**Student:** 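Can you read through this structure? Questions will come right after.
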Number of protein chains: 2
Amino acid sequence: MELHQLRYFVAAAEAESISRAADRCGIAQPSLSQQIRKLETTLGVTLFDRLGRGVALTDAGRALLPRARRILGAVEEAESNLQSDLDEGAGRLAVGAIPTMAPYLLPAALNQLRTDFPRCEIVVREDFTENLIEAIVDNRIDVAVISTPIEHDLIDLDVIGVDPLLVCLPTKHPLLSRGGITLRDLRDQPTVTLHEMHCLGQQISGFCAAKRLAQNVVCRTTQLSTVLEFVRLGLGVSLIPEMAAKHDHNPERGYVKLSRQAPSRDIALAWRKGRTRPRLGLRFFEIIANNVNPN
Amino acid sequence: MELHQLRYFVAAAEAESISRAADRCGIAQPSLSQQIRKLETTLGVTLFDRLGRGVALTDAGRALLPRARRILGAVEEAESNLQSDLDEGAGRLAVGAIPTMAPYLLPAALNQLRTDFPRCEIVVREDFTENLIEAIVDNRIDVAVISTPIEHDLIDLDVIGVDPLLVCLPTKHPLLSRGGITLRDLRDQPTVTLHEMHCLGQQISGFCAAKRLAQNVVCRTTQLSTVLEFVRLGLGVSLIPEMAAKHDHNPERGYVKLSRQAPSRDIALAWRKGRTRPRLGLRFFEIIANNVNPN
DNA sequence: TATATACCATAGGATATGCCTATGGAATTA
DNA sequence: TAATTCCATAGGCATATCCTATGGTATATA
């Protein structure tokens, strides 16, 4: 069964004539006659009675007619609405993000995206950098919000901003009111930090190692919120990303920016190299870059 | 856009690989690759990103995929359900009948047909012979219940029974109780009869002319029920088909069969010559023939 | 790093398909 | 009876589909 055969069939049924149908289809009468016959052969039924003067649908032809119309209608819909669907951003976007960024960056950005493209479908995956990279390479997600460094031949990285790491202290901590804190001041402080399964945990460790600062780590957790709770209870201090600090409204914690050589992490979007970035992804890029760096 | 292109497209989208898709479709990899490219050209969009290691859908591809599946599903449905629809008699039947037969033959027959094929659709047309013949020739109706004679090259006629014409009299009429009535006894009776637009009216006139019986026609009507009413009021007698008499339960009228050379009309089904008789039509034939001639 | 493997694209040729014109037979109309 | 209309068939041409062979690129392995 071929689409043009269905078109010819419908034309012949409507015209009740092979000749007129061929005329309307812009082909010669024998061609249409031949295609109808072929359709009859493949379906194993007779579609028309040839009456010498025109043709008339048989039972089988009457049964096929509405189906043929449905099929052709679906084809037409596809051809004409494909582009408009794309224009309206009715697609799907799968976004990944590391757990230390997701809760601070995604909600606002995805909310905005839904506003811009009400018909879009968004899938979120929160996972560690390594798994996100793998997901991008395997085309399971379209884009990921992560931090540097990323070394992978198949990944394109756009650094869209910098997220400073602040010192997080209990409100009553003496350092909090002092001002002008440097890394050196933290040397003897007990610290609470993230497990190194998080890239943020690795980044902090790396930063301290670079500054030859031996951390006195009293606890490693797997969630930032747990770290914050420990700090609140006075078990130690911590380095916390600014984006997380901005979301912390608990009066029992305070944040201080280190006065010199303040550590930070990059905020980046990772894409699959070679893939055309989906329209929704491009808009997501704009939105999140704008949120990170308000002009 | 062609159906095989959609098939290849869906296969490639599902396999995420041109090679594997080609394998599954039973064609060579370059062929499938080429058809995908063609589809992209006709639609004016890129459907896949070629990643060296497999392919991945673009926005456009993702938009097309459900549509392609819908189209192919509709095609499959048509191919597989066409026959079953025919077997279940889900078709349409357009039946015609002359007004002097329709009310007595159609209701029971069509009711039976609906019982046999609950999904069928029936259209009834009640009209004069000439118009019915024309409707059959033009394929507007599939079959007609009519009477002889019919002379038309494009009509096949099946005589399925004979309908005697009875003398219809008011109950109090002296002839009714006499028995052994012949045409001669009607010679001086005032008669009421149908207009000759009805074939029955023509048949009765013809019959009387053949017997050299000059009718004393006091009234011509266009409906049998009007004739009956005139008879009831004693304005005249009439010849009424037996099938109508059987439906007449009014005690003020009586019917007598003529004892010799009783007139009758044929009951026939008319078909378009050259058309394959629809399944529903064949069943209708069986039912009505059986109703007319109960074995 | 070098080699082998997997995958998609291109090139060129064989085959098949769709469409054409010409023509014949059947039915209808003048 | 002749002219017309309509569908089917025959044969040829152009195109499209599919094939094999091959090259380039990315991935996996030695």
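The chains referred to below are lettered A, B, ... by the order of the sequence lines, with proteins before strands, and numbering in each begins at 1. Since the structure is predicted, the reported quantities are computational estimates derived from the model, not experimental observations.
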**Student:** Heavy atoms under 4.0 Å, any strand shown: does B/Tyr8 hit a base, just sugar-phosphate, or nothing?
**Tutor:** sugar-phosphate

**Student:** Is any side-chain N of the basic residue among A/Arg272 and B/Asp49 closer than 4.0 Å to the acidic one's carboxylate O?
**Tutor:**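 Judged by the 4.0 Å cut-off on N to carboxylate O distance, A/Arg272 and B/Asp49 do not form a salt bridge.
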
**Student:** Whole-Å distance between C/dC8 P and B/Asp23 CG?
**Tutor:** 11 Å

**Student:** Give the B/S/- string for nucleotides 5-12 of chain D, one per nucleotide from 5' to 3', where a protein heavy atom under 4.0 Å of the base yields B, of only the sugar-phosphate yields S, and otherwise -.
**Tutor:** BSBBB---

**Student:** Between atom CG in A/Leu32 and atom P in C/dT17, what is the gap in whole Å?
**Tutor:**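 Atom-to-atom, A/Leu32 to C/dT17, this comes out as 18 Å.
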
**Student:** Just by modelled atom types, is the B/Gly201 backbone N or O under 3.5 Å from a matching donor or acceptor in the B/Ser205 side chain?
**Tutor:**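 Yes.
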
**Student:** Rounded to the Å, how far apart are A/His4 NE2 and C/dC20 C1'?
**Tutor:**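 It is 15 Å, rounded to the nearest whole Å.
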
**Student:** Measure CD1/B/Ile27 against P/C/dA14 and give the value in whole Å, please.
**Tutor:** 20 Å

**Student:** What integer distance in Å separates A/Asp49:CG from C/dA27:C1'?
**Tutor:**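 Taking CG of A/Asp49 and C1' of C/dA27, I get 15 Å after rounding.
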
**Student:** Any idea which of C/dT21, D/dC19, C/dT28 is nearest the A/Ala28 side chain?
**Tutor:**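 The closest nucleotide is C/dT21.
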
**Student:** Any side-chain heavy atom of A/Thr222 sitting closer than 4.5 Å to one from A/Leu194?
**Tutor:**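 No; the side chains remain at least 4.5 Å from each other.
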
**Student:** Exactly one of B/Asp156, B/Thr276, B/Asp158 should register a side chain to side chain donor-acceptor pair (under 3.5 Å) with B/Trp271. Which one does?
**Tutor:**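 Option passing the side chain to side chain donor-acceptor pair (under 3.5 Å) with B/Trp271: B/Asp158.
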
**Student:** Are A/Val45 and B/Gln83 packed together at the side-chain level, in the sense that at least one heavy-atom pair is separated by less than 4.5 angstrom?
**Tutor:** yes

**Student:** Roughly, in whole Å, what's the span from CG in B/Leu39 to P in D/dA16?
**Tutor:** 15 Å

**Student:** Could you check whether any side-chain N or O of A/His198 sits under 3.5 Å from a backbone N or O of A/Leu200, counting only pairs where one atom can act as donor and the other as acceptor?
**Tutor:**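 Checked: no pair found.
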
